[in-house]
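In this chain, residues are counted from 1 in sequence order.
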Amino acid sequence: MKKLCVPTVAIFILSAAPAWAQGAAEKGAAVYAAQKCATCHSIAGKGQAKGPLDGVGSKLSADELREWLVDPAAAAKKHNATRKPPMRAYASLPAADLDALVAFLASKKK
């Protein structure tokens, strides 16, 4: 049996991660559309201009994005956000959809 050297394995693992993240972000884009997030938010000029999400992945961590989705009241309080109307919670989204939506939003970097 042929042995793989550690650098070869590391390169394989590191190259696979972006492909998975890309797939999750693509699924997240579908969740964003299905949940009608553009009613209150915009990305790249599409949607409600008062709630832009361009660059949100550079401003918030994945955990912070998840908090905004699952418990927006707590996140708004923590960040002193006063936008009206307040964001509704998406705590009942299936875990896979929530993970994909977080990946999609995290990919929105400036």
Side-chain angles (χ1 to χ4, degrees):
M1 184 167 144
K2 188 175 182 178
K3 291 185 179 180
L4 291 175
C5 68
V6 173
T8 303
V9 173
I11 290 169
F12 173 75
I13 291 170
L14 292 174
S15 66
W20 173 86
Q22 181 64 29
E26 287 174 4
K27 181 179 181 200
V31 174
Y32 180 90
Q35 294 297 317
K36 299 180 175 36
C37 299
T39 301
C40 299
H41 298 284
S42 67
I43 295 176
K46 295 180 182 175
Q48 176 54 260
K50 290 182 181 183
L53 293 175
D54 300 298
V56 72
S58 297
K59 298 173 191 171
L60 300 173
S61 70
D63 288 338
E64 289 170 320
L65 290 167
R66 185 176 305 281
E67 181 179 28
W68 273 103
L69 294 167
V70 174
D71 190 357
K77 186 174 182 178
K78 184 187 294 184
H79 295 278
N80 290 325
T82 58
R83 184 166 180 247
K84 301 292 181 198
M87 186 169 153
R88 78 175 186 95
Y90 290 86
S92 62
L93 270 180
D97 288 352
L98 182 60
D99 291 345
L101 187 53
V102 168
F104 172 66
L105 294 172
S107 76
K108 301 301 168 197
K109 299 182 187 271
K110 285 193 177 186

Trainee: What are the two closest non-hydrogen atoms of Trp68 and Ala81, and how far apart are they?
Mentor: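 Nearest heavy atoms, Trp68 then Ala81: CH2-CB, 3.7 Å.
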Trainee: Sorted by first residue and then second, give each side chain to side chain donor-acceptor pair (under 3.5 Å) pair with at least one member in residues 90-110; sequence neighbours left out.
Mentor: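 Output for this query lists Lys27-Asp97, Arg66-Asp99, Arg88-Tyr90.
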Trainee: Exactly one of Leu53, Leu105, Asp54 should register a side chain to side chain contact (heavy atoms under 4.5 Å, CB included) with His41. Which one does?
Mentor: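 For His41, the side chain to side chain contact (heavy atoms under 4.5 Å, CB included) test succeeds with only one of Leu53, Leu105, Asp54, which is Leu53.
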Trainee: Run the side chain to side chain donor-acceptor pair (under 3.5 Å) test against Lys78 and tell me which residues pass, sequence neighbours left out.
Mentor: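 So Lys78 forms a side chain to side chain donor-acceptor pair (under 3.5 Å) with Glu67.
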Trainee: Can you sort out the partners of Ser42 under side chain to side chain contact (heavy atoms under 4.5 Å, CB included), two or more places apart, ordered by chain and number?
Mentor: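 Per chain and number, Ser42 pairs via side chain to side chain contact (heavy atoms under 4.5 Å, CB included) with Pro52.
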Trainee: Might you work through the side chain to side chain contact (heavy atoms under 4.5 Å, CB included) test for Lys59 and Glu64, ending with a clear yes or no?
Mentor: CA-CA 9 Å; Lys59 298 173 191 171; Glu64 289 170 320; over 6 Å; no
Trainee: Is there a side chain to side chain contact (heavy atoms under 4.5 Å, CB included) between Phe104 and Val31 once you walk through the steps?
Mentor: CA-CA 9 Å; Phe104 172 66; Val31 174; over 6 Å; no
Trainee: Could you walk me through whether Tyr32 and Ile43 pass side chain to side chain contact (heavy atoms under 4.5 Å, CB included), step by step?
Mentor: CA-CA 10 Å; Tyr32 180 90; Ile43 295 176; 3.8 Å; yes
Trainee: Measuring from atom CG of Leu93 to atom CD of Gln35, what distance do you get when rounded to the nearest 0.5 angstrom?
Mentor: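 Rounded to the nearest 0.5 Å, the CG-CD separation comes to 4.5 Å.
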